[in-house]
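The structure appears below as structure tokens.
Values below: every heavy atom of this structure, side chains too, minus hydrogens, waters and symmetry copies. Note that ligands are numbered from 1 as they come in the structure, with each ligand's atoms numbered from 1 the same way.
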Amino acid sequence: MISRRKFLVRWAGAFLALVWGMVLRPFSKGWADTDPFSGTEFVGKTRAGEHESFYINYWKPMRRIQPAKWKLEVGGLCENPGTFTLKDILSFPAKTRNSRMKCVECWSARALWQGFSIAELEKVVQPRPSAIGVVFHCADAYIEYLSRESLLKPETLLVYNMNGKPLTDEHGFPLRIIVPFKYGYKNPKAILKMEYVSEFQAGTWSKIGAYSMDGTILPGTDHPLDFGKQPRRIPGGEILEY
Ligand SMILES: Nc1nc2c(c(=O)[nH]1)N[C@H]1C(S)=C(S)[C@@H](COP(=O)(O)O)O[C@H]1N2
Ligand SMILES: [Mo]
């Protein structure tokens, strides 16, 4: 019940943003602000999320994002940089994929993710040939880099729904990326900006932890939360076995 209510509240927010943009904004010049956050409530690292088989990880406590004010900014090395509202995002052809997210700190969990391919976004923004990757800037000041090669793989999606419902703030509302063959730290949440760049950049987590900058899942042992943390061997790459 709660999630249904949240769902309605969120998309009602997006609708209000549209009305605001079309009808009210022209009459309120100078008043509109671009801060996508609301209030003083913070989202942080927790082990008690709404999707019980997931832990929640945020680098820094993050103020909740207000759907009506959020826009995805896409810029850097592209011919046609722009901003996208929630409504714009939802109008891309939807794709759904069931995949496991594997955190480098032992745990993993599986979910059904819905979103769209980066190729659809690129049709609009038209990255320059010199753009080899994207730096993602997130609402908690987290930064992560992904090569365009990884971004354009069919298993990679920009995601707004998790298990059939809009992402919760905890899991990265309104938009995150799922790259199932890379560790969780290469799956940035609560994305504010995508910047097309010509050079690799180290992400937040690979700078603070002793983990690879590339983030491809290595062979080893996994402790899936949805299987009671029972250890399982993994061969490396996306976990397809369970
Ligand atoms: N913005 C942001 N995205 C992030 C992180 C973060 O700290 N900030 N942590 C990453 C890490 S280390 C993991 S394991 C996953 C966890 O995803 P979840 O919180 O939805 O379970 O988010 C990734 N995306
Ligand atoms: Mo992680």
Sub-4.0 Å heavy-atom approach of [X] to ligand 1:
| X | answer |
| --- | --- |
| Trp205 | no |
| Glu105 | no |
| Trp107 | yes |

*asked:* Among Lys60, Lys186, Lys189, Glu144, which one puts a heavy atom closest to atom 19 (O) of ligand 1?
replied: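 That would be Lys189.
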_From Lys102, His137, Met62, His171 - option closest to atom 20 (O) of ligand 1 by heavy atom_ =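 Comparing heavy atoms across Lys102, His137, Met62, His171, the nearest one to atom 20 (O) of ligand 1 lies in His171.
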Nearest protein heavy atom to [atom], by residue and atom, and its distance?
| atom | value |
| --- | --- |
| atom 8 (N) of ligand 1 | Asp140 OD2, 2.7 Å |
| atom 10 (C) of ligand 1 | Gly184 O, 3.6 Å |
| atom 21 (O) of ligand 1 | Tyr55 O, 2.4 Å |
| atom 24 (N) of ligand 1 | Asn187 O, 3.0 Å |
| atom 16 (C) of ligand 1 | Met101 CE, 3.5 Å |
| atom 22 (O) of ligand 1 | Arg176 NH2, 3.6 Å |
| atom 12 (S) of ligand 1 | Asn57 ND2, 3.0 Å |

*Does atom CD of Glu241 have more than 12 heavy-atom neighbours from other groups under 6.0 Å away?*
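For Glu241, atom CD is crowded (more than 12 foreign heavy atoms under 6.0 Å).
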*asked:* Tell me the contacting part of Ala190 for ligand 1: side chain, backbone, both, or neither, using a 4.0 Å heavy-atom threshold, strictly below.
replied: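 Under 4.0 Å from ligand 1, Ala190 contributes no heavy atoms.
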*Just heavy atoms, cut-off under 4.0 Å: does Tyr58 contact ligand 1 by side chain, backbone, both, or neither?*
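Under 4.0 Å from ligand 1, Tyr58 contributes backbone and side-chain atoms.
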_Side-chain donor-acceptor contact under 3.5 Å, Gln230 with His223_ =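 No, because no side-chain N or O of Gln230 sits under 3.5 Å from a partner of the opposite role on His223.
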*Check the side chains of Thr221 and Arg233 for a donor-acceptor pair under 3.5 angstrom, ignoring hydrogens and angles.*
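Yes - a donor-acceptor pair under 3.5 Å links their side chains.
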